[in-house]
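Report on the structure given below.
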Amino acid sequence: MKIDVATLFPEAFDGLKVGVVGKALAKGLFELRLHNIRDYSADKHRRCDDYPFGGGAGMLMTPQPLHDCINAIDPAHRARRIYLSPKGKTLTQRRVVELAGEEALLFVCGAYEGVDQRVIDLDIDEEMSIGDYVLTGGEIAAMAAINAISRYIPGVLGSEQSTDEESFSDGLLEYPQYTRPAVFNGVAVPDVLLSGNHAEVDKWRRARQLELTRKLRPDLLKGEDK
Ligand code: ADE
């Protein structure tokens with residue numbers, strides 16, 4: 001998979017160079033290319049913002065640098081072009097899995113109070129939010145999406161890690177997990193996990209998943225046994 005990012009703050013993406021995603025990038029399991037929108041500004045001071053017509057608080061990103069940047073990166077419009085915005089559809093695990101199947105993604109990060117609407121209308125396929133709160137720009141949202149998507153790229157997670165048995169993979173929260181020691185601070189691991197009886201362990205885990213989901217995220221239980 002190829003992932004391009006258009007941003008005024010490419011250095012923000014240093015956060016993707018660590019851990020599992022950093023290793024995957026170093027191994028070339030997917031490509032991440034960062035593009036500084038400012039490099040495309042035709043303004044002699046490389047400005048990328050201006051006041052909103054009609055008035056209002058703050059500045060907007062002007063259309064020219066963004067439009068030119070997006071179309072220089074993806075001239076034939078082969079990538080799925082995603083603008084990060086609190087107005088977008090909220091990213092879900094299901095959408096993460098779908099996006100992991102795309103050949104090319106282009107994430108466009110806004111800053112200030114947003115971007116000129118014409119860029120969205122002309123150049124963007126979808127707007128994506130990572131939740132109902134407002135960030136100062138799209139960078140953290142793009143990183144969250146890239147991190148989540150990369151986990152579905154073959155080879156990114158080691159064989160000991162898996163996307164099969166985790167929160168949301170089957171619409172439920174994950175069961176609680178324990179490791180050594182068997183007793184910590186006077187609290188023992190549930191007996192069934194030490195029993196070696198895999199069928200009983202599976203039953204226990206499923207019951208905990210349902211119990212936790214019912215308690216913490218009942219909204220996820222549509223169509224499940226409530
Ligand atoms: N940009 C600002 N806030 C955002 C959010 N919640 N999701 C995605 N992009 C954003």
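We count ligands from 1, going down the list as the structure has it; atoms in each ligand are counted the same way. If you're wondering where the values come from, they're calculated on a predicted model, not measured in any experiment.
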Checklist entry - At under 4.0 Å between heavy atoms, which part of P86 makes contact with ligand 1: side chain, backbone, both or neither? => result both
Next on the checklist: Using heavy-atom distances only, which candidate in G138, G110, S85, G137 approaches atom 9 (N) of ligand 1 most closely?
Outcome noted: S85
Checklist entry - Taking NZ, NE, NH1 and NH2 as the nitrogens, is one of them in R214 or E211 under 4.0 Å from a carboxylate oxygen of the other? => result no
Checklist outcome for this item: Atoms of ligand 1 under 4.0 Å from any heavy atom of L135, numbered from 1 in the order shown, are 2 (C), 3 (N), 4 (C)
Checklist outcome for this item: Atoms of ligand 1 under 4.0 Å from any heavy atom of M128, numbered from 1 in the order shown, are 8 (C)
Next on the checklist: Under a 4.0 angstrom heavy-atom cut-off, which atoms of ligand 1 come close to Y133?
Outcome noted: 3 (N), 5 (C), 6 (N)
Next on the checklist: Does atom CG (D191) have a neighbourhood of more than 12 heavy atoms from anything else shown, all under 6.0 Å?
Outcome noted: no
Item to check | atom 7 (N) of ligand 1 [closest protein heavy-atom partner, distance rounded to 0.1 Å] | outcome: I130 N, 3.0 Å
Item to check | Residue D132 excluded, over 12 heavy atoms near CG under 6.0 Å | outcome: no
Next on the checklist: Under 4.0 Å between a side-chain nitrogen and a carboxylate oxygen: does that hold for R118 and D121?
Outcome noted: no
Item to check | Crowding at CD, Q117 (>12 non-hydrogen neighbours, <6.0 Å) | outcome: yes
Checklist entry - Name the one of R81, K89, R80 that satisfies salt bridge (charged side-chain N to carboxylate O under 4.0 Å, His left out) with E126? => result R80
Checklist outcome for this item: Counting from 1 in the order shown, the ligand 1 atoms closer than 4.0 Å to a non-hydrogen atom of G131 are 6 (N)
